[in-house]
Amino acid sequence: MNTLKTSKDFSNVFDGGKKFITATSIFFYLKTSSGDGRLGISVSRRVGNAVQRNKIKRIVRNIFRFFSPKGFDVVVLCRRGEVFNMSTFARDFLKFWKKVY
RNA sequence: AAGGUUUUGAGGCUGGUUAAACUUCUUUUUAGAAGUUAGGAAAGUCCGAACUCCACAGAGCAUAGGGGCAGUUAACAACUGCUGGGAGAAAUCCUAAGGAAAGUGCCACAGAAAAUAGACUGCCUUUUCUUUUUUGUUAAGGUGAUGGUGAAAAGGUGGUGUAAGAGACCACCAUUGCCUCUUGUAAAAGAGGUAGAUAGGUAAACCCCCCUUGGAGCAAGACCAAAUAGAGGAAGGAUAGAGUUGCUCGCUCUCUUCCAGGGUAGGUUGCUCGAGCUUGUAAGUGAUUACAAGCCUAGAUAGAUGGCCAGCAUAACAGAAUUCGGCUUACAUCAAAACCUUUUUU
RNA sequence: GCGAGGAUGGUGGAAUCGGUAGACACGCAUGCUUGAGGGGCAUGUAGAAAUAAUUUCUGUGUGGGUUCAAGUCCCGCUCCUCGCA
């Protein structure tokens, strides 16, 4: 899976893309010209310690293995670590997936 | 049985399914199989090293750090054993623990005085004046016993002594220095003698003595590819800057010309076989060391080590980024060993 | 990876070489002034306990140490801010 790497890529999506806000996280998405999709994950230090942040990144990456974002650059920004687990994030992700595709 | 002290170990397990990274093998051109995949603190970055570069990492001073003795170690501010001091009823725990009889500084408030024991107050003798005497008062001298404040007041108690007194002298006690002997590798301990010696505290204030100390850090560094570059070569050498986190010396480079100009950024490597791990034997009180056998046990690069289901259990602190040795801090639950105190029973 | 600074009442911010901590300003409370508000003036203001005045104890992020005495000196920890590569 391709990922967003530089901070320029991230700021492009944050500034030019659209937002979809859910309870657990905020999805930023921007249509690409080439048709390939890339994923970026942003978890700030306020969410929790390194173990919790790693776990959130793994959950997000695990979901996007089955649903690869074709045609969009997507950035997932985690909001709160207490409510973030597999089931709640999957519910929010399905809402986002229905809206975009 | 209750309470306590010290030390050590574990830190989820099993099965199914679906994904990721690395290594090896197979076949073959995209797959398949097997194996491995985060800790005791990976953390904080508080010390110490390995490794790499800075001329060979150099010389002197400063700065910074350490400080009982002996040992362990690659090294250390770590560890082990012992000594002194402190806490505790004990097991045991804590201890930056050289020097204040080299020098300087500071010791608020209170107090006569805060460090050369002098002034003041007091006591005593002689003396001037007054007076029957006492008292009061002037001057000279002796004394360091009086002053009750403070964290701290210049050894303590008792006596001899004297005009008044004082280690001035004596007895006992306390402390210190020196000498001798015994024990110990040593720090030191014990015994005896001697000196009236009695010396305030603070060095985690400056300082003195002894010891150690060059700087930067894997974004170190090395290689490859692109570009009008860079590297390289020749000549010149006054000033300035950088390496160099203080100063001086020394060294190197940048510097100007032959010859011009613009600022991006990719891959490979370093990268995991190492002061390595496990077991056993031997030496040592111990830290640790020696020998033998066996083993290979994470290596990502915006960052792998995950998700779901079932069962047991309800469960902490917490996520590697060059690598090791320590220290410090966080930690649910379970387990083991040794020791101490009290009570009861035999 | 390397290394620099800081934390004091409700807020900003003082406190010399270790010697009575809460200076000063803002804010807040009460009273006076005014018909009322604003403004001005005066007093008080860290917390807790007992009280008639007043006294005692705890207090400089936190846990220890040195010292007669620590906001200050030393060590460990927590949090915040900043710099270099």
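Every value quoted in this text rests on a predicted model; they were computed, and no experiment measured them. In what follows, every chain begins at residue 1, and chains take the letters A, B, ... in the order their sequences are listed.
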Using purine N1 to pyrimidine N3 plus N6-O4 or O6-N4 for Watson-Crick, or N1-O2 and O6-N3 for G-U wobble, each under 3.5 Å, what pairs with B:rG246? B:rC61
Could you tell me which nucleotide pairs with B:rU202 by Watson-Crick or G-U wobble geometry, both distances under 3.5 Å, or answer none if nothing does? B:rG105
Spacing of A:R53 atom CZ relative to B:rA318 atom C1', expressed in whole Å: 12 Å
Pairwise C1' distance for B:rU83 and B:rA186, with rounding to whole Å: 10 Å
Determine the minimum heavy-atom distance between A:C78 and A:S25, stating which atoms define it. CA-CB, 4.2 Å
P-based separation of B:rG16 from B:rA300 [nearest Å]: 29 Å
Paired nucleotide for B:rA282 [Watson-Crick or G-U wobble; both distances under 3.5 Å]: B:rU289
With nearest nucleotides of RNA chain B determined for A:I41 and A:N54 from heavy-atom distances, which residue corresponds to the more 5′ nucleotide? A:I41
Say we look at B:rC271 and B:rC218: how far apart would their P atoms be, to the nearest angstrom? 15 Å
Return the pairing partner of B:rA20 with a 3.5 Å limit on both distances, Watson-Crick or G-U wobble; otherwise return none. B:rU37
Taking syn as a glycosidic torsion within 90° of 0 and anything else as anti, which one is C:rG9? syn
Ring-plane angle category for A:F20 and A:F96, please: parallel below 30°, perpendicular beyond 60°, tilted otherwise. tilted
CD1 of A:I41 to CG of A:L77: how many Å apart, nearest 0.5 Å? 11.0 Å
When both hydrogen-bonding distances must be under 3.5 Å and the geometry is Watson-Crick or G-U wobble, what is B:rC181 paired with, if anything? B:rG190
Where the chi angle of B:rG167 falls, syn if within 90° of 0 and anti if not: syn
P spacing across the pair B:rA166 / B:rU146, given as an integer number of angstrom: 9 Å
Can you check the distance between B:rA275 and B:rG325, where both ends of the measurement are the C1' atom (answer in whole Å)? 9 Å
From A:N62 atom CG to A:K57 atom NZ, the distance as rounded to the nearest 0.5 Å: 15.0 Å
Decide, for B:rU272, between syn and anti: a glycosidic angle within 90° of 0 counts as syn, anything else as anti. syn
Can you give one letter per nucleotide of nucleotides 305-310 of chain B, 5' to 3': B if a protein heavy atom sits under 4.0 Å from the base, S if only from the sugar-phosphate, - if neither? SBSS--
N/O to N/O distances under 3.5 Å, protein versus nucleotides 41-44 of chain B:
none

Could you tell me the separation between the OG1 atom of A:T88 and the CD1 atom of A:I59, rounded to the nearest 0.5 Å? 8.0 Å
Given the 90°-from-0 boundary between syn and anti, B:rU297 should be labelled syn
When rounded to whole Å, the CZ to C1' distance for the pair A:F64 and B:rA20 reads 17 Å
Tell me which nucleotide, if any, is Watson-Crick or G-U wobble paired with B:rC295 when both distances must be under 3.5 Å. B:rG276
Heavy-atom check, side chain of A:K18 versus side chain of A:L30, under 4.5 Å: no
Reported OG1-to-CZ distance for the pair A:T22 and A:F89, which is rounded to 0.5 angstrom: 7.5 Å
Does A:F64 reach the side chain of A:V76, with side-chain heavy atoms less than 4.5 Å apart? yes
A:K99 side chain near A:Y29 side chain, heavy-atom distance below 4.5 Å: yes
In Watson-Crick or G-U wobble terms, with both distances under 3.5 Å, the base opposite B:rC218 is none
Listed range with range, the stems formed with RNA chain C by at least 3 consecutive Watson-Crick or G-U pairs (under 3.5 Å) are C:1-7 with C:78-84, C:10-12 with C:24-26, C:27-33 with C:39-45, C:46-50 with C:54-58, C:61-65 with C:73-77
Give me syn or anti for B:rC93, where syn covers glycosidic angles within 90 degrees of 0. anti
Rounded to the nearest 0.5 Å, what separation is found between the CZ atom of A:R91 and the NZ atom of A:K95? 6.5 Å
Name the pairing partner of B:rC13, where a pair is Watson-Crick or G-U wobble with both distances under 3.5 Å, or state none. B:rG311
